[in-house]
Amino acid sequence: MVTTRIPTTPFSDQRPGTSGLRKKVTVFQQPRYVENFIQSIFDNVDGAEGSTLVIGGDGRFFNDAVVQTAIKMAAAHGFGRVLVGQRGLLSTPAASCVIRKHKAIGGLVLSASHNPGGPDGDFGIKFNMAHGGPAPEAFTEAVFKRAGALTEYKIVDAPDIDLGRIGSIKVGEMTVDVIDPVADYAELMEQLIDFEAIATLFRSGFRMRFDALSAITGPYAKAILEGRLGAPAGTVVNGEPKPDFGGHHPDPNPVHAHDLMELMLGPDAPDFGAASDGDGDRNMIVAPGLFVTPSDSLAILTSHAHLAPGYAKVLAGVARSMPTSRAADRVAKKLGINCFETPTGWKFFANLLDAGLITLCGEESAGTGSNHIREKDGLWAVLLWLNILAVTKKPADQIVREHWAAFGRDYYTRHDYEELETGPANELMNALREKLPALPGQRFGSLTVQSCDDFAYTDPVDKSVTPKQGIRILFKEDARAVFRLSGTGTSGATLRVYLERFEPDAGRHNLSTAEVLAPVVQAANEIAEIAARTGRSEPSVIT
């Protein structure tokens with residue numbers, strides 16, 4: 001089989017963000033665009049000759065075509081074996097699992113995560129390393145540098161393979177194994193989670209709704225929840241992955257998972273509600289009548305993880321992204337374990353996990369995970385919640401309220417200002433940075449600034465420093481506002497404003513979040529001059 005070297009010219013916009021390269025589908029459909037980026041990745045993979053590579057994605061529009069291209073390019077670069085999910089499907093956590101189990105050199109994960117799909121939606125490509133986690137900044141910067149100097153890419157001249165049939169096929173000298181995308185992941189879950197306890201819970205009449213949002217987690221949830229655990233048929237809804245996610249915006253939050261929220265807040269709510277996102281790495285937890293914030297969920301899982309077989313030993317520690325509320329910190333203090341505060345981006349947890357410094361980790365953007373893989377894992381979080389409910393025999397809302405009673409409640413919300421013009425968004429952040437030295441002691445409404453900084457992270461393992469990861473403003477009244485520009489969108493800029501306030505008094509744990517945080521919202525808007533600088537009087541999304 002002939003390897004062809006195709007002349008090409010660079011694209012200037014192939015700098016990976018926090019989770020790989022994400023653009024509109026129409027951008028990726030440009031001739032040579034996909035090939036250039038994959039070539040730039042492969043040129044930075046040491047030891048590719050004869051090694052194993054994993055390929056798969058979330059099934060969004062254009063997934064099939066890119067999988068076929070990636071396989072042919074892998075053959076041209078001397079990989080010995082490719083593991084690809086049937087129909088080209090692999091959830092992001094399953095890809096991490098497969099990379100680790102089969103000792104692959106890494107994997108191409110095709111997804112734009114929680115971003116919309118379809119011909120007019122988004123697409124993404126990222127490379128995960130041999131530990132199963134996202135590539136570090138040194139690797140992604142090298143990819144960007146290579147992309148800017150590319151003159152050719154290599155690909156074999158071969159027909160597309162049948163991705164619908166499990167089995168092996170040769171592409172040139174390389175073996176392609178089309179695998180069951182669920183099997184390895186389900187096996188791992190059974191090692192960590194008490195499946196029998198959860199099966200007993202379902203046999204008792206426990207009712208659950210899992211909304212897969214027509215995304216990748218559907219087949220996994222059906223196989224595990226309805227198949228292995230015995231949940232009634234229909235427990236999983238929107239369970240078939242669709243190229244356009246069935247018109248859903250596959251972001252598991254109260255705004256986009258509105259059908260689930262309506263059910264869980266209604267008169268005939270089941271005992272537990274959950275959802276996941278486009279590529280399966282995020283989760284949403286809803287108790288009857290109560291949305292559980294991802295920050296609270298991380299804290300509750302940290303407090304109760306010992307009830308699951310895989311976490312019966314003392315936790316090594318816990319980590320949270322800086323914008324995530326400080327609820328997990330309070331649990332860590334009580335347990336006597338370390339709590340690390342990292343920048344946003346799962347790759348920052350990988351060093352801590354590999355060094356054995358933490359067992360659990362999570363982000364406010366609905367990502368939760370543990371040392372079982374090196375990605376956040378939506379279905380794993382749901383299963384751990386079910387394990388806790390099965391062992392404690394308590395309703396989910398009771399678990400949450402008892403947690404608040406024991407640790408206090410961190411009222412929390414996030415305001416997103418989406419698709420801002422990049423220039424004004426950067427100017428807002430720069431102006432805010434210039435204000436920082438003079439802010440302490442200033443009063444804004446009923447709140448007084450105690451301290452503030454531009455968060456910089458020093459990795460405790462490799463001592464690398466990552467600056468400018470978000471601006472933190474702490475108020476004397478135990479409230480906090482955090483500002484950062486997101487790197488997960490595909491157009492313009494998204495300003496995220498994270499707002500929280502701690503309330504230790506159990507008598508004030510049933511107030512509305514909007515009421516408690518109104519003074520913090522007012523202060524944050526005034527300090528950052530959001531309306532004046534963005535022209536937006538309201539955020540695009542409140543979660």
Side-chain angles (χ1 to χ4, degrees), residues 20 34 38 41 51-75 79-113 117 123-128 130 132-134 160-171 174-189 212-224 227 236 239-243 245 250 276-281 372-380:
V34 166
I38 293 176
I41 291 173
S51 65
T52 298
L53 179 73
V54 173
I55 300 175
D58 60 16
R60 67 178 58 231
F61 186 83
F62 205 44
N63 189 84
D64 291 351
V66 177
V67 167
Q68 298 286 0
T69 297
I71 289 171
K72 295 169 191 175
M73 292 188 68
F79 287 94
R81 182 188 185 205
V82 160
L83 299 175
V84 59
Q86 187 179 23
R87 296 167 52 202
L89 300 178
L90 274 177
S91 74
T92 292
S96 183
C97 167
V98 172
I99 291 169
R100 292 169 65 82
K101 177 179 178 179
H102 296 277
K103 296 180 171 54
I105 198 169
L108 289 173
V109 182
L110 313 179
S111 174
S113 188
F123 193 78
I125 302 175
K126 71 173 180 175
F127 187 76
N128 280 26
D160 288 353
I161 69 169
D162 183 359
L163 293 172
R165 180 181 301 175
I166 291 177
S168 296
I169 189 172
K170 283 282 191 178
V171 177
M174 184 181 77
T175 299
V176 178
D177 290 326
V178 180
I179 63 172
D180 179 341
V182 177
D184 288 335
Y185 177 85
E187 177 188 10
L188 178 58
M189 291 303 102
L213 299 176
S214 299
I216 190 62
T217 315
Y220 296 83
K222 282 187 175 181
I224 295 174
V236 178
E240 179 64 28
K242 297 180 179 179
F245 303 121
S276 190
D277 71 327
D279 68 334
D281 63 358
H372 68 291
I373 56 173
R374 294 298 180 268
E375 286 279 6
K376 43 189 175 280
D377 190 346
L379 186 54
W380 163 87

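Here the side chains of S91 and Y220 are in contact, with some heavy-atom distance below 4.5 Å. K222 has its side chain out of reach of V182: every pair of non-hydrogen atoms, C-beta onward, lies at least 4.5 Å apart. For the pair F245 and D277, the minimum side-chain heavy-atom distance is 4.5 Å or more. For the pair F79/T52, no side-chain contact is recorded, criterion being any heavy-atom separation below 4.5 Å from C-beta on. L163 has its side chain out of reach of N63: every pair of non-hydrogen atoms, C-beta onward, lies at least 4.5 Å apart. Side-chain contact between D184 and H102 is present, with at least one heavy-atom pair separated by less than 4.5 Å. The shortest side-chain heavy-atom distance between R374 and N128 does not fall under the 4.5 Å cut-off. Contact annotation: the side chain of L90 never approaches that of Y185 to less than 4.5 Å [non-hydrogen atoms, C-beta and beyond].
For the atom pair CD (Q86) and CZ (R165), the distance works out to 10.5 Å, reported to the nearest 0.5 Å. From I38, atom CD1 reaches atom CG of L108 across 5.5 Å, with rounding to the nearest 0.5 Å. Here the CG atom belonging to L83 is positioned 9.5 Å from the CD1 atom belonging to I99, to the nearest 0.5 angstrom. Interatomic distance, M73 CE to I55 CD1, rounded to the nearest 0.5 Å: 10.5 Å. The structure places CG of D281 at 11.5 Å from CD1 of I216, a figure rounded to the nearest 0.5 Å. The distance from the CG atom of D64 to the OG1 atom of T69 is 11.0 Å, given to the nearest 0.5 Å.
Summarising the geometry of A215 relative to P241, their closest heavy-atom pair is O-CG, 3.5 Å, with the distance given to 0.1 Å. Between V171 and A75, the closest heavy-atom pair is O-CB, 3.6 Å. Of all non-hydrogen atoms in T217 and S276, the two that sit nearest each other are OG1-OG, 3.2 Å. Smallest separation of non-hydrogen atoms from S96 and G132: OG-O, 2.8 Å. The two residues A95 and V109 make their nearest non-hydrogen contact at CB-CG2, 4.1 Å. P93 and G280 make their closest contact through CG-O, 3.4 Å (heavy atoms, listed as atom of the first residue, atom of the second, distance).
Ring geometry for F62 versus F123: interplanar angle over 60°, hence perpendicular rather than tilted (30 to 60°).
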Check step by step if side chain to side chain contact (heavy atoms under 4.5 Å, CB included) holds for K72 and D160.
CA-CA 8 Å; K72 295 169 191 175; D160 288 353; 2.6 Å; yes

With side chain to side chain contact (heavy atoms under 4.5 Å, CB included) as the criterion, how do K170 and T175 come out once you've worked through the C-alpha distance, each side chain's angles and the decisive distance to 0.1 Å?
CA-CA 5 Å; K170 283 282 191 178; T175 299; 3.2 Å; yes

Derivation and outcome, side chain to side chain contact (heavy atoms under 4.5 Å, CB included), residues M189 and H372:
CA-CA 9 Å; M189 291 303 102; H372 68 291; 3.6 Å; yes

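Remark: K376 pairs with no residue by the side chain to side chain donor-acceptor pair (under 3.5 Å) rule, at least two apart or across chains.
Exactly one residue among D279, D58, T92 makes a side chain to side chain donor-acceptor pair (under 3.5 Å) with S113. That residue is D279.
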